[in-house]
Student: 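Sharing a structure with you now.
To find a chain, count down the sequence lines: A is the first, B the second, and so on, and within it residues start at 1. Computation of the quantities below employed the complete heavy-atom set of this structure, encompassing side-chain atoms and omitting hydrogens, waters and symmetry-equivalent molecules.
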2 protein chains.
Amino acid sequence: MKPNRRVKLSDLAKQLGLSTSTVSRALNDHPKIPHETKRRVKQLANDLSYHPNPFAKGLLQKKTKTIGVLLPSFKMSFFVSIIECLQQELKLKGYKLIVSSFGPSLKEEKEAFWEMAKAHVDGIIAIPNNDHEDPTFLNNIIDEGIPILFIDRIIDSLDANFVVTDDFNGMFEAVDYLIDKGRRKIIHLEGPDELSTSFFRLQGYKEALRSKQIEIDKRLIIPCQSKEEVIQKLQSVDVEFDAITCFNDYYAFEALQFLKSKNIRVPDDVCLIGFSDEPICQYTTPQMSSVIQPTSLFGKKAVELILHEIQQLQNNKAIDFDIYKIKTQLQLRQSCLSV
Amino acid sequence: MKPNRRVKLSDLAKQLGLSTSTVSRALNDHPKIPHETKRRVKQLANDLSYHPNPFAKGLLQKKTKTIGVLLPSFKMSFFVSIIECLQQELKLKGYKLIVSSFGPSLKEEKEAFWEMAKAHVDGIIAIPNNDHEDPTFLNNIIDEGIPILFIDRIIDSLDANFVVTDDFNGMFEAVDYLIDKGRRKIIHLEGPDELSTSFFRLQGYKEALRSKQIEIDKRLIIPCQSKEEVIQKLQSVDVEFDAITCFNDYYAFEALQFLKSKNIRVPDDVCLIGFSDEPICQYTTPQMSSVIQPTSLFGKKAVELILHEIQQLQNNKAIDFDIYKIKTQLQLRQSCLSV
DNA sequence: CTGTTAGCGCTTTCAA
DNA sequence: TTGAAAGCGCTAACAG
């Protein structure tokens with residue numbers, strides 16, 4: 001029915017009248033093997049479509065050529081877009097990608113990390129969800145020799161590399177632009193407490209106002225734990241406002257719904273800016289302005305760093321950890337351009 | 001600096017004064033090991049956070065507890081949503097997920113399949129992109145003992161399971177609804193040639209018209225290889241129309257842009273229905289109607305089938321192949337509901 | 001330049 | 001009920 005017997009090194013060796021070591025060396029381009037032998041070996045390997053057993057290799061070399069990627073959810077296209085980029089970059093470098101998502105629960109997130117560790121990936125790239133106050137378990141994984149690189153969110157007190165959005169400047173520029181356009185009463189829809197991104201975006205907002213000597217009105221800073229809260233919170237705002245900046249695009253979409261329902265014109269009465277530049281932004285009416293987080297830069301930097309860490313680890317060399325901030329870009333669309 | 005030495009079976013054995021075989025058996029709940037021994041072994045394993053080396057296991061058992069998932073792109077949220085579901089289902093069953101995307105090129109798609117085969121995954125779940133006229137290489141992979149299950153698109157002449165959308169009925173219902181609402185001149189923006197989905201959606205469109213004795217006007221059937229062509233093709237339509245059905249949501253968004261630019265009112269002048277129900281549909285103005293493809297059903301069915309195939313293969317039993325059609329659901333929103 | 005040998009961590013006969 | 005030993009497929013010392 002099916003042969004189902006994969007060719008292995010010894011099969012090649014037998015057919016060629018060589019030892020397995022020679023064949024192995026030939027395949028791995030060992031310097032001291034004559035070209036002719038290499039050619040013959042590779043030829044046959046190709047003909048029989050021989051593929052080395054990755055488990056035998058993994059067992060021996062403790063390298064799996066596999067990177068684990070952890071993310072909270074596939075629902076955010078920003079994350080997915082990063083995954084896509086990671087996947088492309090890693091494919092180029094000959095790495096495979098094991099992916100796992102873990103949802104909002106801390107317990108599941110921990111488990112997901114452990115599963116990756118158990119799978120003996122060479123390294124982990126993670127978009128964490130929770131503020132790991134006790135990152136002991138992460139340190140344990142790192143101590144086992146699996147470097148972890150974090151994307152988008154910073155976890156304090158952890159020796160690791162971080163590749164994050166320059167949230168501060170991203171929001172700063174957005175608010176700065178609005179002020180230049182004459183808006184003064186700018187709402188900020190703040191994101192979930194526990195995220196470093198919420199914090200820095202809020203700081204950017206405040207600093208932009210401060211730098212133009214505009215007093216910060218606490219009533220305009222509206223914390224929303226999720227996009228579901230946005231409309232309700234906006235209902236109960238009892239001060240005037242002429243612009244809204246948001247933790248992310250989904251908050252902005254909700255805000256847009258709200259404004260429409262109140263017959264408040266965008267951008268004439270109120271300007272609106274999201275964050276992340278989800279592809280949807282082009283399809284809302286009016287089209288949504290947003291802050292672009294260039295995902296390909298995230299992916300490239302992350303891959304570069306994790307591979308470097310893996311190599312350093314292999315050579316028992318020290319690693320310098322750092323926080324890398326990826327510059328954003330303000331994408332203006334109809335929701336901001338007063339006619 | 002780092003211990004970096006994972007605990008292994010022999011470490012447990014040594015500490016317990018047992019042989020590795022006994023420890024192994026205890027861990028695997030071998031019947032002839034006394035409960036007390038099992039308890040002690042498991043206790044220690046837990047304390048030292050022992051995790052069996054998956055490579056040693058893989059080498060021995062030829063089972064990797066890993067499923068490869070192949071998809072053309074992460075850009076389509078329909079695909080991503082399926083991945084998310086696969087990932088959850090497979091996690092429950094103790095499987096890991098290796099993911100790879102391959103873009104539009106046939107060559108890359110082939111390579112991606114091969115890479116998966118080389119990675120010795122237990123099975124492959126694929127959303128193919130191309131119409132593999134010569135599926136020899138797929139058969140080779142299947143012959144190597146790796147079952148492949150295809151999602152969303154059918155490849156003729158291949159012994160495999162397929163889980164696809166009931167495209168025909170999905171589009172049929174959409175068109176049927178429009179006709180009931182009094183629309184008669186319904187455009188169909190047809191998808192890429194090579195996709196079985198394009199074909200069946202078109203058939204559904206035609207059959208709906210036919211069943212209501214409406215003549216099919218070829219000028220209303222507009223083939224578009226990609227969403228980029230939509231606007232341009234619509235420009236040159238020179239017959240009247242009062243509704244548009246689309247190969248997918250992105251086509252519909254483009255169509256919406258076009259209609260807006262022409263000041264054609266949606267849904268008053270022209271009704272618009274997409275396909276896939278991307279989450280964006282809720283945020284366009286007017287909100288986009290679409291055909292829901294329940295991704296969780298895809299995921300569940302796919303996992304069920306592939307695991308069954310793996311098991312049958314392991315027991316050297318025959319597998320019955322089939323095409324499973326997942327029912328769609330018409331999601332009506334503003335783009336269809338005349339006021 | 002090439003073959004022999006040992007061993008990666010685990011499971012699984014085969015004996016005891 | 002348990003241990004010793006072999007071996008999964010491959011690579012890397014160590015000899016030649």
Side-chain angles (χ1 to χ4, degrees), chain A residues 3-42 44-45 48-66 117-122 144-145 314, chain B residues 3-42 44-45 48-66 117-122 144-145 314:
Chain A
N4 199 3
R5 218 187 134 278
R6 294 187 173 79
V7 267
K8 48 195 191 185
L9 213 54
S10 58
D11 297 329
L12 298 185
K14 212 171 292 169
Q15 287 205 33
L16 291 162
L18 292 170
S19 73
T20 56
S21 5
T22 308
V23 176
S24 166
R25 284 191 276 249
L27 255 18
N28 292 308
D29 269 328
H30 188 101
K32 302 197 177 172
I33 300 282
H35 284 300
E36 175 53 17
T37 315
K38 285 186 188 171
R39 210 196 44 71
R40 281 178 54 223
V41 173
K42 286 182 180 171
L44 186 67
L48 302 185
S49 75
Y50 162 80
H51 298 303
N53 183 321
F55 297 99
K57 259 187 153 136
L59 187 53
L60 218 44
Q61 308 182 323
K62 280 122 182 3
K63 284 292 149 227
T64 66
K65 285 283 184 178
T66 302
K118 286 204 279 179
H120 290 225
V121 293
D122 291 348
E144 281 199 15
Q314 197 163 359
Chain B
N4 198 2
R5 216 186 137 277
R6 293 189 175 76
V7 318
K8 47 194 190 186
L9 213 56
S10 59
D11 296 328
L12 298 184
K14 212 170 293 169
Q15 286 205 34
L16 290 161
L18 293 169
S19 73
T20 56
S21 0
T22 309
V23 176
S24 165
R25 283 192 275 248
L27 255 17
N28 292 308
D29 271 329
H30 187 101
K32 303 197 174 172
I33 300 282
H35 283 301
E36 174 54 16
T37 315
K38 285 186 189 172
R39 210 195 44 70
R40 282 178 56 222
V41 173
K42 286 181 180 173
L44 186 68
L48 302 186
S49 74
Y50 162 80
H51 297 302
N53 182 321
F55 297 100
K57 258 187 153 139
L59 186 52
L60 223 41
Q61 309 181 326
K62 283 132 181 5
K63 285 290 149 228
T64 67
K65 285 280 183 180
T66 303
K118 285 204 279 179
H120 289 226
V121 293
D122 291 348
E144 282 199 13
Q314 197 163 358

Student: Whole Å only: how far is the NE2 atom of B:His120 from the P atom of D:dC8?
Tutor: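 About 15 Å, once rounded to whole Å.
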Student: Among residues 51-66 of chain B, which contact DNA chain D at a heavy-atom distance under 4.0 Å?
Tutor: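 Per residue number, the list reads B:Leu59, B:Leu60, B:Lys62.
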Student: Rounded to the nearest Å, what distance is computed from the CG atom of residue B:Leu27 to the C1' atom of nucleotide C:dT12?
Tutor: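 Atom CG in B:Leu27 sits about 15 Å away from atom C1' in C:dT12.
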Student: Without decimals, in angstroms, what is the distance between A:Leu16 CG and C:dG3 C1'?
Tutor: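 Answer to the nearest Å: 15 Å.
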Student: For the pair A:His120 and B:Phe55, name the ring-plane relationship: parallel under 30°, tilted 30 to 60°, perpendicular over 60°.
Tutor: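 Because their plane-to-plane angle is over 60°, the rings of A:His120 and B:Phe55 count as perpendicular.
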Student: Measuring only between side-chain heavy atoms, which start at C-beta, is A:Ile33 closer than 4.5 Å to A:Val41?
Tutor: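 Answer no - side chains too far apart.
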Student: Are the side chains of A:Gln15 and A:Leu48 in touch, meaning some heavy atoms are under 4.5 Å apart?
Tutor: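 Contact flag for A:Gln15/A:Leu48 side chains = yes.
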Student: Kindly say whether A:Thr22 contributes a backbone atom to a donor-acceptor pair with the side chain of A:Ser24 at under 3.5 angstrom?
Tutor: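 Such a contact is absent between A:Ser24 side chain and A:Thr22 backbone.
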Student: For A:Asn28 and C:dT2, what is the distance between atoms CG and C1' respectively, to the nearest whole Å?
Tutor: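 About 15 Å, once rounded to whole Å.
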Student: Enter the inter-axis angle for the ends of the helix from C:dC1-D:dG16 to C:dA16-D:dT1 (five pairs per end, rounded to 10°).
Tutor: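 Its terminal axes enclose an angle near 40°.
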Student: If I take atom NZ from residue A:Lys63 and atom CG from residue A:Asp122, how far apart are they, to the nearest 0.5 angstrom?
Tutor: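 That separation rounds to 4.5 Å.
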Student: Run the salt-bridge test on A:Asp29 and A:Lys38 with the 4.0 Å N-O cut-off and return the result as yes or no.
Tutor: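 A:Lys38 and A:Asp29: salt-bridged.
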Student: A:Lys32 NZ to D:dA15 P: how many Å, rounded?
Tutor: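 A:Lys32 atom NZ is separated from D:dA15 atom P by 15 Å.
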Student: Using modelled atom types and a 3.5 Å cut-off, is there a donor and acceptor pairing between side-chain atoms of A:Asn28 and backbone atoms of A:Arg25?
Tutor: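 The answer is no, because no donor-acceptor pair under 3.5 Å joins these two groups.
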Student: Return the NE2 to CZ distance between A:His35 and A:Arg40, rounded to the nearest 0.5 Å.
Tutor: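 These two atoms lie 15.5 Å from each other.
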Student: Taking only N/O atoms, report every protein-nucleotides 3-5 of chain D pair under 3.5 Å with atom names and distance.
Tutor:
from: D:dG3; atom 1: OP2; to: B:Ser19; atom 2: N; distance (Å): 3.2
from: D:dG3; atom 1: OP2; to: B:Ser19; atom 2: OG; distance (Å): 3.1
from: D:dG3; atom 1: OP2; to: B:Thr22; atom 2: OG1; distance (Å): 2.4
from: D:dG3; atom 1: N7; to: B:Arg25; atom 2: NH2; distance (Å): 2.7
from: D:dG3; atom 1: O6; to: B:Arg25; atom 2: NH1; distance (Å): 3.2
from: D:dG3; atom 1: O6; to: B:Arg25; atom 2: NH2; distance (Å): 3.0
from: D:dA4; atom 1: N6; to: B:Ser21; atom 2: OG; distance (Å): 3.2

Student: Rounded to the Å, how far apart are B:Leu9 CG and C:dG7 P?
Tutor: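 B:Leu9 atom CG is separated from C:dG7 atom P by 18 Å.
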Student: Do A:Asp11 and A:Tyr50 have side-chain heavy atoms sitting under 4.5 Å apart?
Tutor: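 No, every pair of side-chain atoms sits at 4.5 Å or beyond.
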Student: Are A:Leu9 and A:Asn53 side-chain neighbours, meaning at least one heavy-atom pair lies under 4.5 Å?
Tutor: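 Of all side-chain heavy-atom pairs linking A:Asn53 with A:Leu9, none is under 4.5 Å.
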Student: Without decimals, in angstroms, what is the distance between B:Leu12 CG and C:dT11 C1'?
Tutor: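 Between C1' of C:dT11 and CG of B:Leu12: 15 Å.
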Student: In terms of the nearest nucleotide of DNA chain D, which residue is placed more toward the 5' end: A:Tyr50 or B:Ile33?
Tutor: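 Its nearest nucleotide lies further toward 5', so the answer is B:Ile33.
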Student: Measure from NZ on A:Lys118 to P on C:dC10 and round the result to the nearest Å.
Tutor: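 Distance, rounded to whole Å: 13 Å.
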Student: In the structure I gave you, are the side-chain heavy atoms of B:Leu44 and B:Val23 within less than 4.5 Å of one another anywhere?
Tutor: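 Counting from C-beta outward, B:Leu44 and B:Val23 never come under 4.5 Å.
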